[in-house]
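Here's the structure, in structure tokens; my notes come after.
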Amino acid sequence: MIAEVITDVSAHPVDRPFDYLVPQRMETVIERGARVKVPFGNRKVLGFVTGFKEQSDIPVNKLRPIDELLDLEPVLTGEMLDLADWMKRETLCFEIDALQVMLPSALRAKYEKVIHVLEPDRIGSEAAGIIGSRNAVALKEFPERLLPSLKRLSQEGAISIETGIRQRTSIKKERVLHIAGPENLADVREGIKKSAHRQAALIDWMLAHAGETIPTRDVMELTGTTRATVKALLEKGAAAETEVEVYRKPEVGLLDEAGGDPVMLTDEQADAVSRISRAADEGREETFLLHGITGSGKTEVYMQVIRRVLEQGKEAIVLVPEISLTPQITSRFKKRFGPLVAVMHSGLSAGEKYDEWRKVQRGEVKVVVGARSAVFAPFRNLGAVILDEEHESSYKQEDSPRYHARDVAIRRAEMHGCPVILGSATPSLESFARAHKGVYTLLTLSERAKQQPLPEVRIVDMREELKNGNRSMFSVDLAEAIRDRLGKGEQTVLFLNRRGYSSFVLCRDCGTAVQCPNCDISLTYHRASERLQCHYCGHEEPVPLICPECGSEHIRFFGTGTQKVQEELHRLFPEARVLRMDVDTTRQKGAHEKLLRQFGDGEADILLGTQMIAKGLDFPNITLVGVLSADTMLRLSDFRAAEKTFQLLTQVSGRAGRHEKEGQVYIQTYAPEHYAVELSKEQAFEPFYAIEMANRKRFSYPPFYYITLIRFSHEDLMTVADTAEKAVAWLAGKLGGDTVIIGPTASEVARVNNRYRYQCLIKYKKEPKLAGVLTDLVKIYRSSWMKEGLLMSIDMNPSSIS
DNA sequence: AGCACGCCGACT
DNA sequence: GTCGGCGTGCTC
């Protein structure tokens, strides 16, 4: 028997199956989707078995046998193997990367060079000291200067150096005692000496638990005995001890959140649930776009659909943008479905992620709530896939494999015959257009579940404020409203869109901001470290006292960071209790939940934060939302700038007045007349959609055209410009007449890490040859450009082109 | 001659 | 990606 194996080597020439002999002993147990350790060149690597055959095209003498079978139960299902193949074609990634992204990182291999001692007498004294009595030692334990002598010893055959493969995170195990039957225990009891009080006590306790299986640790705790005592009885046969796999218990940090019980649905909600349920009942693949204004109760729809799916004995996946940012929604699912729910998000340790994954694999849970990669949850009988906030850009992975969770969800739903639900108050234009065309089924929730009115939204023109001499970041009106809420004991959320607007250091004499030495971008001032940082390459330097350009002492901080806003808040409202939520204050594990809980418990008057507070926040006492600078995003040179701005403003506004008290929203902007700002006021999605669609059509952008972005980078500006030019000329000759190629142009940030960046954009409606043409382009890249130090990357359907 | 370094191709 | 093989060129 011959196995086809995809090896854990991410490179072009080996991006295909390799044939291996299956040793006799493995023949009956090896399965597709199992991990194996195989010889590859002169080392050992991990691989995935993707298929079997009887004959190989490779001469038999070149075939080598599989070294070791790592999984008796395959880690990947047949569906996953097919999915990887599909992803490879769709995103032009390596198959191994597609396979790896489906698994928790704990199952990925960690390679380590290990020396095996063959002839101990020939090893020098220093190395021998490190080795001691062991016969296999990790190479990294030796100091660097010993490496030449170890190499020599290896050549002489005194030691051998091999690559060992270790699982990254150990499977957590626990010792359990299988207590013997009463007769056996009685026998053992007889033989215990009078002086052995402890043993006597323990065996008496065991008599009361004869035949049971109990964790050793618990037994020791309950009886107040030590391991020595337990061991003594083990030897006498009173119990047997084994190890079982146990799960780590991640801190779920349940918020005090309603949602335990199903609630009465509005007519619209009930209709949505019944139409989705029908598709689920009939095992029909159908994609629904659930368009519901903020506060319209989309989550309740999801939960009732899931209940239906569970009743059919099937499973469900719920994707949320970045779950650690929205602990509220997880809490609701946990409350409703209890132990049937697994949670997967970036806040968990590798071990915890593995444990959650195992629960799914073993069929112990039926619902997964998680971020992007949870779309690969290894369910075998999927009944529904839900993407909440489907417009969120975090569903697209930014590095290889550049997949979109929405596409994977729909693909899996096709394979399982089940509905997909895309939910949003502000759907992406792509999805809404598909719903219009009838590709997706549109379900609309137009009223808020608790019948609250939408918050009143006021747009504040900051240019007027400037004219009137107000140079503060708070307009007179917003400051007044904050004061009012402080007086009434109600809560305020202040939102600062930091993107492109963070604090930088500016010289007032020459007008330049301090630049990163490696990238064409201004450095950002970080208060916590009192240093300047580059967000692209990580470069860090102390804050200069004089301008590095002109030597002037007139340098000052410019821009608005959350820390600066906090200081100003403190100055304006010394009595206000302010919680700040941004990357700096939420870095610690569980910090999100903690801050949100504090705010929910009324421990603060004002919550000040960035993007991360735009979603999911739902507290009754919030009656004021302030957006400090609505239009910073509009300045991005990206075709989605208006869409993102509209989405963000609508989401943020939706945080106010979700319960009994009415809400009010202030949006501060320098571009009050922009349609994205103007229309977010009434959550007027359809009018916004109409205008934005017209613009997209005019400029040939999605959803009217598909786009593919190709990026080039090189240390030398001329080289990258020339190569990009060559690539575009080559593409132009191969692609159809309706296809438009924009560029090459220098990227928005033209230099990162001392590499110059160029890009070109391909716009097309129908281009069946594209995948093939791009594959050929990659071949040209590999055979010549790559060797000159050029890097090229291709992103099919990028979520951003800036 | 002896070895450091960089490039190239193979990996079943 | 990572390794060894092999060529070049430098030093003793």
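Just so we're clear, the structure is a prediction, and the values are computed from it rather than from any experiment. Lettering follows sequence order; numbering is per chain, from 1.
Counting non-hydrogen atoms under 4.0 angstrom, Tyr20(A) reaches the backbone sugars and phosphates but no base. Here Pro13(A) lies in heavy-atom contact (under 4.0 Å) with a base. The residue Leu63(A) sits close only to the backbone: its heavy atoms come under 4.0 Å of sugar-phosphate atoms, none of a base.
Formation of a donor-acceptor pair under 3.5 Å by the Tyr395(A) side chain with backbone atoms of Asp407(A) is not found in this model. Remark: side-chain polar atoms of Arg108(A) are paired, donor with acceptor, to backbone N or O of Gln100(A) under 3.5 angstrom. Side-chain atoms of Arg757(A) come within 3.5 Å of backbone atoms of Val749(A) as a donor-acceptor pair (strictly under, hydrogens ignored).
Contact annotation: Lys113(A) reaches the phosphate of dC3(C) (side-chain N/O to OP1 or OP2, under 4.0 Å). At the phosphate of dC11(B), OP1 or OP2 sits under 4.0 Å from a side-chain N or O atom of Lys62(A).
Rounded to a whole Å, the CG atom of Asp97(A) is 11 Å from the C1' atom of dG1(C). If you take CG of Asp19(A) and P of dC11(B), they are 13 Å apart, rounded to a whole angstrom. Note: CZ (Phe94(A)) to P (dC11(B)) measures 18 Å, nearest angstrom. We find that CZ of Phe40(A) is positioned 9 Å from P of dC11(B), with the value rounded to whole Å. The CG-C1' distance, from Asn42(A) to dT12(B), rounds to 14 Å in whole Å. The separation between Leu46(A) atom CG and dT2(C) atom C1' is 16 Å, rounded to whole Å. Taking atom CE of Met786(A) as the reference point, atom C1' of dC7(B) lies 13 Å away to the nearest angstrom. The distance between atom CZ of Arg782(A) and atom P of dG1(C), rounded to the nearest whole Å, is 12 Å.
Of the candidates dC8(B), dT12(B), dG1(C), the closest approach to any side-chain atom of Lys787(A) belongs to dC8(B).
No N or O donor and acceptor, one from the side chain of Arg43(A) and one from the base of dG4(C), sit under 3.5 Å apart.
Annotation for Ala771(A) and Leu92(A): closest pair O-CD2, 4.5 Å, computed over non-hydrogen atoms.
With Val318(A) as the fixed residue, the side chain to side chain contact (heavy atoms under 4.5 Å, CB included) test singles out one of Leu387(A), Val343(A), Val368(A), Val369(A): Val369(A).
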